[in-house]
Structures are given as C-alpha cells and as structure tokens.
There are 4 protein chains.
Amino acid sequence: MVRYKKSEEKRKQILYAAFQAIAGQGYDAVTLQTIADSAKVSKGVVHYYFESKEAVLVELLSWLTGKIYEKEAAAVSEQSKAADKMYAYIDSVFVSPEKNRDFYRVYLDFLARASRSAAYREINSRFYDNCARISAEIVELGQHEGVFDSRLSARETAPVIRSIIDGCLIQWLMNGQDELHAVYRDYCRKAVMKLLGSETGEKS
Amino acid sequence: MVRYKKSEEKRKQILYAAFQAIAGQGYDAVTLQTIADSAKVSKGVVHYYFESKEAVLVELLSWLTGKIYEKEAAAVSEQSKAADKMYAYIDSVFVSPEKNRDFYRVYLDFLARASRSAAYREINSRFYDNCARISAEIVELGQHEGVFDSRLSARETAPVIRSIIDGCLIQWLMNGQDELHAVYRDYCRKAVMKLLGSETGEKS
Amino acid sequence: MVRYKKSEEKRKQILYAAFQAIAGQGYDAVTLQTIADSAKVSKGVVHYYFESKEAVLVELLSWLTGKIYEKEAAAVSEQSKAADKMYAYIDSVFVSPEKNRDFYRVYLDFLARASRSAAYREINSRFYDNCARISAEIVELGQHEGVFDSRLSARETAPVIRSIIDGCLIQWLMNGQDELHAVYRDYCRKAVMKLLGSETGEKS
Amino acid sequence: MVRYKKSEEKRKQILYAAFQAIAGQGYDAVTLQTIADSAKVSKGVVHYYFESKEAVLVELLSWLTGKIYEKEAAAVSEQSKAADKMYAYIDSVFVSPEKNRDFYRVYLDFLARASRSAAYREINSRFYDNCARISAEIVELGQHEGVFDSRLSARETAPVIRSIIDGCLIQWLMNGQDELHAVYRDYCRKAVMKLLGSETGEKS
DNA sequence: AATGAATGAGGATTCATTCAT
DNA sequence: CATGAATGAATCCTCATTCAT
C-alpha cells in the first residue's frame with residue numbers, strides 16, 4: 001500500500017519543516033511534534049504523508065542532496081571555461097553563511113547516521129557520484145584547454161576536491177564565525193586551483 | 001562535587017565503553033545501560049562518576065581528540081625532514097580501516113553536536129588548533145628546507161590539509177569498503193604534497 | 001437519523017467485510033480502514049452507514065447469530081424424526097473447519113465483549129433462546145416418540161446441549177487441527193445422544 | 001538478557017493487578033497505566049518486570065490456568081470415590097459467582113486471542129491436557145468401581161466433560177444473574193453424571 | 001562505594017472520527 | 001452520496017535520573 005500522490009505540495013512542506021527543525025535543534029532533539037508544529041500541521045498529518053519518522057528523514061536527505069546537486073550543475077553550466085566552471089562550482093556550494101550553516105548542520109547529522117545506515121549511505125553515494133561527475137568533467141575540460149595539469153586523473157581528483165569543499169565548510173561551521181565564511185571559501189578556491197596545477201591561472 | 005580522582009581508572013573504563021558503544025550503535029541509540037554493560041559496571045556507577053550522560057560524552061570527545069593529537073605529534077616528531085613529517089602526520093591519521101571507522105563514526109556524531117553546542121565546539125577547536133600547529137610547523141620547516149612552496153602561508157594551509165584528511169576519510173567511510181582505505185590515503189598524500197608545491201618545486 | 005434503508009445491500013457488504021476482517025485478524029487488530037478496504041469502499045462510507053465502529057460490531061453480532069439460527073432451524077425442519085432432527089441440528093453447526101474457524105473466532109471475540117456489555121449480551125441471549133427453543137422442541141418430540149428419556153426437562157436440557165456443541169467447537173478451535181473437526185463432531189453427537197438417554201432407552 | 005529474579009513477589013502483584021483490570025474492563029480496554037495503577041506501582045515498573053504488555057498477558061494466562069488446575073487437582077484428591085471426585089472436580093470449578101465471573105471474563109478474552117495466537121494456544125493446551133487427565137483418571141476409577149459406563153473411552157469423554165463445564169459457565173455468564181450460578185452447576189453435575197452412565201447413581 | 005529498583009517525562013505511532021469538497 | 005485529508009487523543013515503550021539499601 002504505497003499511499004502516494006497525496007498532494008506533493010504538502011510533502012515538500014513537511015520536508016522543509018523537518019529541515020528547519022533539524023537545522024535548529026539537531027537530529028534527535030527533533031520530534032514529530034516539532035516538525036508538525038514547524039509545518040503548521042497536526043501531528044497526525046506527518047504520519048499521513050510519511051510511513052514513519054525515519055521515512056521523513058530518508059526522503060529529506062534525498063531531497064536535500066538532490067537540490068544541492070541541481071544548483072551545482074546549473075551554476076557550472078552557466079560558465080564555459082574550465083576555471084570559471086570550477087569557481088562556479090565552489091561558489092555554488094559556498095552560498096551564504098546562513099544557508100551553509102543550516103545545510104551543513106543537517107548534513108553532518110545525516111553523515112553521522114549514514115556511517116551506520118545503508119539507506120542513508122546509498123543516498124549519499126548518489127550525491128557523491130553526481131558531484132564527482134561535475135568535477136571530473138570540469139577537470140577534463142581544463143585539461144583540454146591546457147589550463148589544468150594534464151597528468152591528473154579526473155576520476156581521482158574529484159573526491160579530493162569534494163574533500164576540500166566539505167572539509168573547509170565543516171571547519172568554518174565549527175569555528176562559528178560568519179565573517180570567516182568568505183575566508184574559508186577563498187582557502188578552498190586557492191587550494192583547488194593549486195591542486196589542479198593551474199600555476200598558469202595564478203600567474204595571471 | 002568531590003567526585004573526581006575517585007578512580008581515574010574506572011572513568012577511563014567508562015569512557016572507553018562509551019566510545020565502543022557509540023562506534024557500534026550510534027550516538028542516540030546508546031543508553032547509559034549500554035555503556036554500563038559494555039564497561040562491566042552497574043548503571044549506577046556511571047552516574048556516580050559522571051554528572052550526567054552529557055558529561056560522559058563531553059569528556060569522551062575531549063579524551064578522544066586528546067589521544068589522536070598525541071599520536072599525531074608523536075608520529076611527526078619521529079621524523080626530521082618536512083616531507084617525511086607530513087607523510088607521518090597523514091599516516092598517523094590513516095591508521096587502519098577498523099580504527100578509522102570507529103573513530104570517524106564517533107567523531108561525525110560529535111561534529112553534528114558541535115555544530116549546535118558551544119561546549120563541544122570548544123573542545124573541537126582545541127583539537128583543530130593542535131592539528132593546525134603541527135601542520136604549520138611542518139610547512140614552515142619544509143619552506144626552510146626549500147621543498148615546499150615558499151609563497152604559501154603556513155597558517156592558511158593548515159586548515160586545507162586537515163580538510164583533505166577529514167574529507168577523504170569521511171568519503172571513505174561513506175563508501176563502506178575497507179579495501180579503499182589505502183586508496184583514499186594515497187589520494188590524501190598526493191593531494192597534500194601537490195598542494196604544498198613540492199612537486200612544482202621539484203619540477204622547476 | 002435518516003440513515004437506514006439507504007442501501008441495505010451496502011450495509012451487508014460492510015458487515016461481511018467486518019466479519020472477514022475480524023475472523024482474520026482479530027477484533028482489536030481490525031480498524032475501520034481494514035473493514036473499508038475489505039469491503040472495497042472508502043473509509044468514509046463505513047461511517048456513513050454506521051454511527052460508529054461499535055455500531056458495526058453490534059449489528060454484525062446480530063446479523064451473524066441470526067444467520068446461524070436460520071440455518072439451524074432450516075436444517076432441523078427438513079427432518080421429521082427427533083433423532084434425525086437432533087443430528088441435523090448438530091451437523092448444521094459443525095459445517096466445515098473453515099467456516100467454523102471463522103465463526104468461532106469472531107464469536108469468541110463477541111462473547112468476551114458480551115461478558116461486560118449489556119448490548120452484546122442482549123443479542124446473544126436472543127440467539128441462546130432461539131437455539132434453546134429448537135433443542136427443546138426436538139427433545140419433547142423425542143419424548144413423545146419414546147426415544148428420549150421421558151424424565152428429562154426439555155427446558156433444562158437445552159443449555160447443556162448448547163454447552164456441548166459450543167464447548168466441543170471451542171476445544172477443536174484451540175486444538176488447531178482441521179482433521180479433528182469430524183472427531184469433535186462425533187464426540188458431540190454421541191454425548192448429546194447419551195445425554196438424551198436414547199441409548200438407555202434402547203437398552204431397556 | 002533474561003532479566004529475572006527481580007522479586008517474584010512484585011511480578012505476582014502485577015499479574016494479579018492485570019487480572020483484576022482485565023476482569024473489570026476487558027482485554028483491550030486495559031492499558032499498562034491501568035495495570036500499574038491497579039498494582040499501585042508506577043508505569044515504568046511494569047516494563048521493568050515484563051518485556052512488554054504482551055509478556056504480562058502471556059504470563060497471566062499461564063499463571064491463571066496453572067492455579068485453576070492446582071485447585072481442581074487438590075479438590076479431587078481429597079475424595080476417594082469416583083463419583084465424589086467428579087463432583088469435587090465440578091464444584092472446584094463452580095467456586096462462586098464472583099470468582100467465576102472474573103475468571104471466565106478473562107478466560108474468554110484469552111480464548112479469543114488464542115484462536116489466533118500460537119503462544120496462547122500452547123498455554124491453553126497445557127491446561128486442557130491437565131484437566132483432561134484429571135477427568136480421565138476419575139472416569140477410569142469409576143469404571144473400576146463399576147459405577148460408570150464401562151463402554152466409555154476415558155480419553156474421549158474428558159473433552160466432553162470440559163465442554164459441559166465451560167459451556168455451562170459461559171452461558172451462566174452471558175445470562176448475567178448470580179442466582180442462576182447454582183442452577184447451572186446443577187445442570188452441569190446432572191449432565192456429566194448422565195453422560196457417565198451412572199444410572200445407578202441417580203437411582204439411589 | 002556500588003547496586004539496581006523505581007519513577008515518570010517524553011516520543012513514535014495508531015486510529016476513530018470529523019468535515020470540506 | 002462519497003471521498004480521503006486532517007485531527008488529536010490515547011497507548012506502548014524507552015531511558016535518564018534518583019535513591020534506598
């Protein structure tokens with residue numbers, strides 16, 4: 001009995017409420033009541049649209065990472081040169097202190113779970129793969145353009161790029177100061193470019 | 001609050017049990033009963049040595065990061081040349097699939113909490129600072145030795161190095177395959193070295 | 001309360017669905033949703049035809065016992081001699097393992113309720129009275145025929161006959177083996193006949 | 001982890017409270033709160049002594065039927081002649097309106113469940129077997145004494161005797177009148193004796 | 001010191017019932 | 001007439017914490 005199609009609208013509303021709630025209070029401080037309150041619906045409604053609390057969260061992770069990926073892809077496709085694409089990619093993640101704080105708080109909660117739950121890990125893998133594909137394409141383009149180190153393996157570089165992005169944002173989050181957001185983004189940009197061997201780029 | 005020094009032994013025993021329990025089942029699936037069972041003491045004892053469950057966890061984070069830092073510092077001090085020190089640093093983190101899995105599972109749980117709790121963030125900052133100091137010293141040494149890019153700011157490079165290390169281990173953890181542990185370690189080593197310009201340096 | 005005769009058809013359909021659902025899952029595992037699903041109507045419809053869940057169940061008991069009684073009466077009236085009528089009566093209850101299982105499961109649920117609810121008890125009493133009347137008439141006929149013990153009080157014998165029938169079927173149900181259905185029916189037949197002194201009568 | 005031995009005393013207290021509660025309100029109207037209240041303990045205590053609500057009930061059935069059986073066995077063993085034993089057996093069941101009402105209310109609830117739950121059925125089977133053994137021994141003794149019909153199979157008669165006893169008490173319970181308790185007991189006694197063919201007994 | 005019995009607040013989940021469409 | 005979305009009361013269960021022994 002896959003009760004679906006019950007107003008996709010309201011499902012989104014609940015997912016967003018769950019996101020807000022987790023961002024605010026943390027994964028396990030969040031109750032269905034909190035979510036329901038935040039979504040301005042009754043407690044029963046959450047269960048009407050979702051099998052269980054777990055189901056809400058699984059779908060939330062899926063939805064969140066899906067959205068992030070779409071934004072990254074869109075940002076990258078607006079540029080034509082490899083270096084510009086890479087900057088666009090990084091900048092599309094470093095959106096703003098507020099958004100990054102909310103997302104990475106929630107994302108860290110999910111990663112913690114994912115380390116033990118195959119379901120979460122699965123969803124996250126899809127996200128990683130998507131991000132890796134974006135990076136790899138940019139790297140290959142850059143190599144064609146002659147601006148990135150031609151000896152690099154695009155496939156092997158992608159995870160490192162993601163490491164730098166996620167690592168920097170986690171450290172920024174742990175630091176707790178909004179002002180440093182731009183600083184960490186800069187660390188990230190420079191590190192990635194250095195990594196890609198764009199000595200050339202820096203020279204200019 | 002006389003409760004201290006009662007038996008530093010037993011406190012450690014409980015902390016280790018908590019670590020094992022969290023690594024195994026996850027932060028919120030862990031109950032005081034679980035910890036007590038795992039430490040082979042009664043539930044009451046845990047409360048006898050620690051104010052509350054929260055107190056156990058705060059101390060656990062402190063204890064854990066302290067140990068990791070000590071190992072890193074020890075490993076680095078055994079080498080004399082910058083490049084060797086940096087490899088030693090990285091390798092001291094990439095200990096083994098089993099240990100890394102346990103630690104990063106627990107650590108991710110703490111990071112998730114830390115994003116909202118000043119107490120955890122405080123402890124983690126101390127850890128970050130210690131790690132950053134190690135990296136910075138190595139970078140400076142390498143610059144003196146002439147093997148690392150002299151234009152780099154040691155202070156600014158440190159967080160990126162940590163990003164790569166943590167980022168790679170997180171991705172490895174999400175991947176779920178022990179065999180890839182060495183692969184990710186390699187990505188990490190190469191990326192850090194490339195970043196430090198040792199290759200470029202050699203190239204020119 | 002105009003709600004009647006709306007469609008006697010659909011009321012029956014719902015009652016039968018309720019019967020099936022209770023037979024299958026048990027009284028309190030049954031929800032209005034289950035009933036509605038089983039009756040291939042929407043949940044709202046059940047409430048449209050019945051005041052409440054309780055109302056469905058009260059009417060179900062009434063309907064069920066009514067049907068059983070009709071079958072008993074019909075079976076008995078097809079025979080003309082007392083002994084044959086009594087056998088027909090018993091056999092009309094011991095229909096088949098499948099039907100008896102379904103009915104007695106549901107009936108036990110009702111008896112449990114009836115022990116505390118006057119409404120259910122009322123309905124059940126009507127059933128008991130009907131059954132008792134059938135038995136009593138057979139007994140009296142048998143006494144006229146000279147095949148049943150003439151010293152027996154027809155009124156007092158009826159409940160004992162019903163005890164044996166219900167008691168045997170309950171024990172069979174608790175036993176869980178379809179194969180024993182015929183065996184218990186046999187116990188029942190013999191016991192009733194012995195009770196009515198037909199054997200003694202023959203003996204003398 | 002079979003947490004046991006936690007004061008067998010209190011377990012009994014909770015079981016008795018559960019019995020009282022079910023007798024009063026019915027199986028599914030009974031909540032853990034009701035039981036806890038009735039046992040004058042906190043809600044948590046019930047879960048401390050029993051795995052779950054289900055576990056309480058399973059143990060209750062076991063405990064109840066065990067006690068009933070012991071009483072029957074004790075009553076029978078006090079008599080030496082078959083007919084007296086059989087009367088003692090019947091009378092040990094027909095204790096008093098109050099006790100029979102409580103027991104049969106609860107017992108009917110269990111029977112209803114047992115028809116679907118193997119665990120309950122198992123326990124009830126043990127009870128049936130015990131009762132059957134008592135009856136069978138009495139019947140055989142009576143046959144030796146020459147007061148019971150020697151053609152009867154003791155094994156096959158036992159279930160019928162239990163049917164009459166249970167059947168009569170259920171009908172009495174459905175009737176709702178305390179005054180009829182003695183009347184139904186009498187029906188039961190007479191029917192059983194007639195069944196056992198003790199024409200002899202009646203003549204005297 | 002240590003134990004583990006007892007407490008009770010809090011949370012996920014279920015479901016009869018209501019009601020707008 | 002019919003639907004199924006929405007509600008929220010009620011229930012089982014978990015667990016940190018307290019405390020008598």
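Chain identifiers are assigned alphabetically (A, B, ...) following the order of the sequence lines, protein sequences preceding nucleic acid strands; residue numbering begins at 1 within each chain.
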DNA chain F: B/Asp28 or A/Val41, which has the more 5' nearest nucleotide? A/Val41

Do the non-hydrogen side-chain atoms of C/Thr65 and C/Arg126 ever get within less than 4.5 Å of each other? no

It should be established whether B/Tyr48 places a side-chain nitrogen or oxygen under 4.0 Å from OP1 or OP2 of nucleotide E/dT3. no

Quick one: sort the B/Phe103 and B/Tyr107 rings into parallel, tilted or perpendicular, breaks at 30° and 60°. parallel

Mind checking side chain to side chain donor-acceptor pair (under 3.5 Å) for B/Arg113 and listing every partner two or more places apart, or none if nothing turns up? A/Asp28

Using 0.5 Å steps for rounding, measure from the CH2 atom of D/Trp63 to the CD1 atom of D/Ile123. 14.0 Å

Ignoring backbone atoms, test whether A/Tyr49 places a side-chain nitrogen or oxygen under 4.0 Å from the OP1 or OP2 oxygen of F/dA6. yes

Report the residues that fulfil side chain to side chain donor-acceptor pair (under 3.5 Å) with B/Arg116, sequence neighbours left out, ordered by chain and then residue number. A/Asp109

Could you go through the side-chain hydrogen bond (donor to acceptor under 3.5 Å, both in side chains) check for D/Glu8 and D/Tyr49 one step at a time? CA-CA 9 Å; D/Glu8 208 53 36; D/Tyr49 286 90; over 6 Å; no

So which protein nitrogen or oxygen atoms get under 3.5 Å of nucleotides 19-21 of chain F's nitrogens or oxygens?
none

List in chain and number order the residues that pass side chain to side chain donor-acceptor pair (under 3.5 Å) with D/Thr34, two or more places apart in sequence or in another chain; answer none if no residue qualifies. D/Thr31

Taking C-beta and beyond as the side chain, do C/Tyr120 and C/Glu54 meet within less than 4.5 Å on heavy atoms? yes

Whole-Å gap separating P (E/dG11) and OH (A/Tyr27): 16 Å

In whole angstroms, the gap separating P of F/dG4 from CZ of A/Arg11 amounts to 17 Å

Taking for D/Lys40 and for A/Lys53 the nucleotide of DNA chain E with the nearest heavy atom, the one nearer the 5' end belongs to D/Lys40

Rounded distance in Å - CD1 (D/Ile14) to C1' (E/dA6): 11 Å

May I have the distance from B/Glu51 (atom CD) to F/dA16 (atom P), rounded to whole angstrom? 16 Å

Tell me the interatomic distance from A/Phe50, atom CZ, to E/dA12, atom C1', rounded to whole angstroms. 16 Å

Could you tell me the separation between the CG atom of B/Asp37 and the C1' atom of E/dA2, rounded to a whole number of Å? 15 Å

CZ (C/Phe110) and OG (C/Ser117) are apart, to the nearest 0.5 Å, by 10.0 Å

Side-chain contact check for D/Ser42: nearest option of E/dA6, F/dT17, F/dA6 is E/dA6

B/Leu32 near the nucleic acid: base, sugar-phosphate alone, or nothing, with a heavy-atom cut-off under 4.0 Å? base

Sequence-distant partners of B/Arg121, side chain to side chain donor-acceptor pair (under 3.5 Å), two or more places apart: none

Between CD of D/Gln33 and C1' of F/dA9 the distance, given in whole Å, is 15 Å

Touch class at under 4.0 angstrom, heavy-atom based, for D/Val30 against every strand present: sugar-phosphate

Ranking C/Val45 and D/Glu54 by the position along DNA chain F of their nearest nucleotide, the one closer to 5' is C/Val45

Given the rule that a pair is Watson-Crick or G-U wobble with both distances under 3.5 Å, how would you write DNA chain E in dot-bracket, using | for pairs to a different strand? .||||||||||||||||||||

Just call it for C/Lys43: base, sugar-phosphate, or nothing, with non-hydrogen atoms closer than 4.0 Å on any strand. base

